[in-house]
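Reviewing the structure listed below.
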Amino acid sequence: GAAVPALVANGLGKSYGGVRAVDDISLTLGAGERMGVIGPNGAGKTTLFKMIAGDVAPTDGRVELFGRDVTAVPTARRARLGVGRTFQVSNLFREMTVLDNVRVAARGGTAGARVFWRPQGSRDQVTARSRETLESVGLAYRSDDTVAALSHGEQRQLEIAMALVGDPRILLLDEPAAGLSAAERATLRELIEQLPRTIPILLIEHDMSLALGLTDRVMCMENGHHVVTGTPAEVRANETVREIYLGRR
Ligand code: ATP
């Protein structure tokens, strides 16, 4: 039969007092699929991400990971189920080296409640895997530098390495390009493009061209609501999306 989807969100909603941050959002991320969520500031993208990652409890609806209802499962336990994720506010140990940050993440360090789903092995194995992961994101040359010495873009690469080192079964990326220069954005785009296709990716991103260039399917949100879901070409051609992104609404 068909593979169990990596992620199913069903009728997700979140209210903050009178503010309906997210209203009735459903999505399915299939095995090996890459999906983007776009929308202007305040669309509810971050709140949706947090409900999927487990940082925020939904007011309505349900989240399933790998066929299992995790709506009431806390973030750390979702990580143990195989969720690798990045954070909008950087969660790095700034005075530690790049390699040590990855090693902490590999051991299930608590910087971002990263607790991984597989036994992590010996100290040497953890170091070897951390080095390999840094290599795979193009950051090996920075291994012995402190995080404080890294550029913004390099810090974003490191965050992705820390999400990858636990061998995730799904990757959740929260606005990875936010605050990056055009050159840093291009590097990041290449990095995400060359990630293994076996890892399904949900990418929340304000930058429409980045999200459309990296994903198989895109959902656009506005004011907490679903606008359209389709291929990048379909979403790019959508009249409402054009109006939103040209600022005519
Ligand atoms: P951005 O691109 O700025 O991250 P977004 O699409 O991620 O925007 P959210 O941050 O999810 O949007 O916010 C959606 C709406 O919910 C906004 O109106 C916001 O003010 C409101 N909101 C979000 N978090 C809270 C909170 N903790 N308390 C009250 N209102 C909130």
Side-chain angles (χ1 to χ4, degrees), residues 5-30 33-65 68-75 78 83 85-91 112-113 170-180 192 200-249:
L7 166 69
V8 177
N10 206 329
L12 280 181
K14 182 68 185 180
S15 299
Y16 289 107
V19 178
R20 191 74 173 154
V22 171
D23 189 50
D24 195 18
I25 296 293
S26 298
L27 63 87
T28 298
L29 184 67
E33 197 179 16
R34 296 181 174 184
M35 184 170 182
V37 178
I38 63 170
N41 287 334
K45 305 181 299 296
T46 297
T47 303
L48 175 67
F49 184 94
K50 287 179 171 174
M51 290 192 283
I52 291 168
D55 306 336
V56 158
T59 314
D60 313 276
R62 213 172 45 168
V63 179
E64 283 174 25
L65 289 168
R68 169 172 167 176
D69 187 337
V70 296
T71 314
V73 170
T75 305
R78 288 188 208 198
V83 176
R85 51 87 59 101
T86 60
F87 297 82
Q88 207 163 62
V89 176
S90 170
N91 231 312
I170 181 172
L171 195 55
L172 309 177
L173 301 177
D174 192 4
E175 304 211 17
L180 299 190
I192 295 171
I201 298 177
L202 185 74
L203 172 82
I204 308 289
E205 185 51 64
H206 181 78
D207 181 332
M208 175 159 101
S209 72
L210 187 89
L212 268 55
L214 281 172
T215 56
D216 310 311
R217 243 164 8 105
V218 180
M219 175 172 83
C220 179
M221 296 173 67
E222 186 192 29
N223 290 327
H225 299 289
H226 176 262
V227 174
V228 64
T229 300
T231 64
E234 286 164 352
V235 169
R236 190 179 278 113
N238 182 276
E239 192 57 36
T240 310
V241 173
R242 285 169 173 268
E243 287 174 9
I244 290 169
Y245 271 86
L246 291 173
R248 284 200 257 104
R249 285 161 77 92

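Shortest non-hydrogen contact noted between Ile52 and Arg78 is O-NH1, 2.9 Å. Contact detail for Gly61 and Thr71: the closest heavy-atom pair is O-CG2, 3.8 Å. Residue His206 comes nearest to Gly39 through the heavy atom pair ND1-O, 3.4 Å, listed as atom of the first residue, atom of the second, then distance. For the residue pair Pro176 and Glu205, the shortest heavy atom distance occurs at CD-OE1, 3.2 Å. The two residues Cys220 and Ile244 come nearest to each other via the heavy atoms SG-CD1, 4.2 Å. When all heavy atoms of Val218 and Ala211 are compared, the pair lying nearest together is CG2-O, 4.4 Å.
Ser15 and Arg20 form a side-chain donor-acceptor contact under 3.5 Å, judged by distance and modelled atom types alone. Under 3.5 Å, the side chains of Asp24 and Ser26 contain no donor-acceptor pair of N or O atoms.
Residues Leu202 and Leu7 meet the side-chain proximity criterion, which asks for heavy atoms closer than 4.5 Å. Val228 places none of its side-chain heavy atoms less than 4.5 Å from the side chain of Thr240. When side chains are defined from C-beta on, Phe87 does not count as touching Asp174, because their heavy atoms never get closer than 4.5 Å. Side-chain contact check for Leu172 versus Thr86: every heavy-atom pair is 4.5 Å or farther apart. Residues Leu48 and Leu12 have side chains in contact (heavy-atom distance under 4.5 Å, counting atoms from C-beta outward). In this structure, Met219 and Met35 have side chains that are in contact, with non-hydrogen atoms separated by less than 4.5 Å. In this structure, Met208 and Val241 have side chains that are in contact, with non-hydrogen atoms separated by less than 4.5 Å.
A distance-only check finds a donor-acceptor pair linking the side chain of Asp216 to the backbone of Arg34 [under 3.5 Å]. Judged by distance alone, the side chain of Lys45 and the main-chain N or O of Pro40 form a donor-acceptor pair under 3.5 Å. With hydrogens and angles ignored, the 3.5 Å screen pairs no side-chain donor or acceptor of Thr28 with any backbone N or O of Val8. A donor-acceptor pair is defined here as one N or O able to donate and one able to accept, closer than 3.5 Å; such a pair exists between the side chain of Glu33 and the backbone of Gly30. With hydrogens and angles ignored, the 3.5 Å screen pairs no side-chain donor or acceptor of Asn223 with any backbone N or O of His225.
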Using the rule given for side-chain contact (heavy atoms from CB on, under 4.5 Å), can you reason through Leu27 versus Thr229, listing the C-alpha separation, both sets of side-chain angles and the distance that settles it, and then say yes or no?
CA-CA 9 Å; Leu27 63 87; Thr229 300; over 6 Å; no

Using side-chain contact (heavy atoms from CB on, under 4.5 Å), reason through Ile192 and Leu173 one step at a time and then give a plain yes or no.
CA-CA 10 Å; Ile192 295 171; Leu173 301 177; 3.9 Å; yes

For a side-chain contact (heavy atoms from CB on, under 4.5 Å) check, start with the C-alpha distance between Leu212 and Ile38, then their side-chain angles and the critical distance, and finish with the verdict.
CA-CA 9 Å; Leu212 268 55; Ile38 63 170; 4.2 Å; yes

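Look at Arg62 and Glu64 and you find a salt bridge, because one of the NZ, NE, NH1 or NH2 atoms lies within 4.0 Å of a carboxylate O, short of that distance. A salt bridge links Arg85 with Asp55; the closest basic N to acidic carboxylate O contact falls under 4.0 Å.
For the atom pair NZ (Lys50) and CD1 (Ile204), the distance works out to 11.5 Å, reported to the nearest 0.5 Å.
Under the side-chain contact (heavy atoms from CB on, under 4.5 Å) criterion, Lys14 pairs with Tyr16, Val22, Thr47, Met51, Val56, Thr59, sequence neighbours left out.
Each of Asn10, Val70, Asp69 was scored for a side chain to side chain contact (heavy atoms under 4.5 Å, CB included) with Val63, with one residue passing: Val70.
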